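Each ligand, and each atom within it, is numbered from 1 in the order the structure gives. Treat the numbers as computed from the prediction; the structure is a model and nothing was measured.
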Amino acid sequence: MQGKIVKGIAGFYYVHVVEFGIYECKAKGIFRKEKQKPLVGDDVEIDIISEEEKTGNIVEILPRKNELIRPAVANVDQALVVFAITKPKPHFNLLDRFLVMMESKELPVILCFNKQDIAEESEIEELRSIYEGCGYPVIFTSAREEENIDQVLEALKGKTTAVAGPSGVGKSSLINRLQSGIRMETGAISSKIDRGKHTTRHSELIAINEDSYIMDTPGFSSLYTNDFEKEELKYYFPEFTPYEGTCRYNGCDHVHEPGCAVKEALEQGKIHEVRYQNYLEMYKELKEKRRY
Ligand code: GDP
Ligand code: ZN
C-alpha cells in the first residue's frame with residue numbers, strides 16, 4: 001500500500017494511507033544500507049504487518065520532489081503564510097521576509113489574512129493592493145466567523161502545504177477550522193502517537209482531507225537567516241521581474257544606480273513603497289553580513 005509519512009518519532013514512522021488511516025511503521029534495513037533516511041512528507045510503499053494493530057514496514061521511499069532542511073520535511077508543494085489584517089496589524093517587514101524565504105526556496109505562496117470580521121474595508125483593500133500587486137494569491141478569512149475557509153481549502157487541495165505565520169494571528173484557529181472535517185481521524189492519530197509525547201517536537205503533517213496535508217511550522221520563524229548573496233535578493237521580489245534587464249546598468253541591484261527601472265516604477269506607484277523599503281533593508285543586511 002502507498003501512503004505518506006505524517007510523523008516520525010524514535011525510529012517509528014506514522015504513515016497515513018488514504019481511506020485506511022495511520023500505520024505505525026519501521027523502516028527496514030535496506031534504507032540504512034543506502035544511507036537513505038525517511039522524512040516526514042515522504043510518499044512510501046508499505047507492507048502491512050498487522051491490519052488489526054495498524055503496523056507495517058516501509059519498504060520503499062518514492063522519489064522526492066524536494067526536501068526542506070529546517071524543518072526536515074519532504075515534498076512540500078507550497079506555503080500558506082498567515083497574518084492578521086488587524087490585532088495585530090501585519091508586521092510588513094516580517095511578512096516580506098517570509099515571502100523572500102519562500103521565494104528563495106521556490107515554494108509558491110498563498111497569503112492568508114485573517115480576522116476579517118474585525119477589519120475595516122480600507123485595511124483589506126490596502127493589503128489586497130500591495131500583495132495581489134506582487135502576484136500573490138490573497139485570501140481574507142475569519143477563523144472565528146468561519147468566513148472563506150472554503151477558499152483556503154480549495155487552495156490546499158491535493159497539496160502538501162507548510163503553514164507559517166507569527167503567533168496571535170489566528171493560525172491555530174484557522175488550522176482547527178481546516179481540519180474540522182477529519183477531527184475523528186486526527187484524534188486517532190494523536191492517541192497512537194501520545195506515547196512519544198515527551199520527545200522533542202518534530203514536524204508533523206495533518207491530513208485535512210483525503211489528498212491534502214498541512215504542516216504547522218513553528219520553527220519557520222527561525223529561518224529568515226537567508227543564505228544567499230545580496231545580488232540574488234531582487235529575484236525574490238516578484239513584482240521587480242517585469243523590469244529586470246531594463247535598467248541602464250547591467251546587473252542593477254535597484255539600490256542607488258542611476259536610470260533604474262525599478263525605482264522609476266516605484267515613483268510611478270507601480271511598486272509599493274513598503275515593499276521597496278523592506279527590499280532596501282534586507283539588501284543592506286545581506287551586504288553587511290558579507291563583511292564578517
Ligand atoms: P495563533 O497564535 O496564530 O495560533 O492564534 P490563535 O488561533 O491562538 O488566535 C489568537 C487570538 O486571536 C485568539 O484570541 C483567537 O480567539 C483570536 N482569533 C483567531 N482567529 C480570529 C478571527 O478570525 N477573528 C477574530 N476577531 N479573532 C480571531
Ligand atoms: Zn534597477
Worksheet item: In terms of atom number and element, which parts of ligand 1 are under 4.0 angstrom from non-hydrogen atoms of S142?
Response: 23 (O)
Practice prompt. Determine, considering heavy atoms only, which of K87, R177, K115, E145 sits nearest to atom 11 (C) of ligand 1.
Written response: K115
Worksheet entry | Nearest-neighbour protein heavy atom for atom 16 (O) of ligand 1, which is reported as residue plus atom name and distance | R144 NH2, 3.4 Å
Discussion item. If you scan the protein for heavy atoms around atom 13 (C) of ligand 1, do you find one that is closer than 4.0 Å?
Written reply: no
Fill in: Residue pair T161 / Q78, side-chain donor-acceptor N/O under 3.5 Å
yes
Discussion item. Strictly below 4.0 Å, N to O, side chains only: are D77 and K65 in salt-bridge contact?
Written reply: yes
Worksheet entry | For atom 4 (O) of ligand 1, the protein heavy atom that lies nearest, with its residue and separation | S172 OG, 2.3 Å
Worksheet item: To which of V169, D117, I149 does the heavy atom nearest atom 24 (N) of ligand 1 belong?
Response: D117
Fill in: Cationic N near anionic O, under 4.0 Å, R97 to E281
yes
Worksheet item: Side chains of K230 and Y283: donor-acceptor distance under 3.5 Å anywhere?
Response: no
Worksheet item: How wide is the angle at the Zn ion (ligand 2) between SG in C252 and ND1 in H254, to the nearest 10°?
Response: 110°
Practice prompt. Within a distance under 4.0 Å of any heavy atom of N114, pick out the atoms of ligand 1 and give their elements.
Written response: 20 (N), 21 (C), 22 (C), 23 (O)
Discussion item. Closer than 4.0 Å to some heavy atom of P166 - which atoms of ligand 1 meet that?
Written reply: 3 (O)
Discussion item. Looking at ligand 1, would A84 count as a contact under a 4.0 Å heavy-atom criterion?
Written reply: no
Worksheet entry | Donor-acceptor pair between N209 and S212 side chains, under 3.5 angstrom | yes
Worksheet, complete the sentence: I118 heavy atoms within 4.0 Å reach ligand 1 at atoms 26 (N)
Worksheet entry | Over-ring placement of K4 relative to Y213, 6.0 Å and 45° cut-offs | yes
Worksheet entry | Residue and atom name of the nearest protein heavy atom (relative to atom 2 (O) of ligand 1), distance in Å to one decimal | G168 N, 2.6 Å
Worksheet item: At the Zn ion (ligand 2), what's the angle from C260 SG to C247 SG, rounded to 10 degrees?
Response: 120°
Discussion item. Tell me whether K89 is salt-bridged to E123, with the criterion being a basic N under 4.0 Å from an acidic carboxylate O.
Written reply: yes
Worksheet item: Any protein heavy atom under 4.0 Å from atom 20 (N) of ligand 1?
Response: yes
Worksheet item: Can you find a side-chain donor-acceptor pair between E24 and Y14 that sits under 3.5 Å?
Response: yes
Discussion item. Suppose we measure from atom 7 (O) of ligand 1 to each protein heavy atom; which comes out shortest, and what is that distance?
Written reply: S173 OG, 2.5 Å
Response to the item:
If you scan protein heavy atoms around atom 3 (O) of ligand 1, the nearest is K171 N, 2.8 Å
Worksheet item: Please state which protein non-hydrogen atom is closest to atom 23 (O) of ligand 1 and give its distance, to 0.1 Å?
Response: A143 N, 2.8 Å
Worksheet, complete the sentence: The residue among H91, Q277, R275 that forms side-chain hydrogen bond (donor to acceptor under 3.5 Å, both in side chains) with D96 is R275
Discussion item. Checking side-chain polar atoms at under 3.5 Å, does E126 have a donor or acceptor matched by the opposite partner on Y131?
Written reply: no
Fill in: Identity and separation of the nearest protein heavy atom to atom 5 (O) of ligand 1
G170 N, 3.0 Å
Worksheet item: Can you tell me if Y276 and H254 form a side-chain donor-acceptor pair at under 3.5 Å?
Response: no
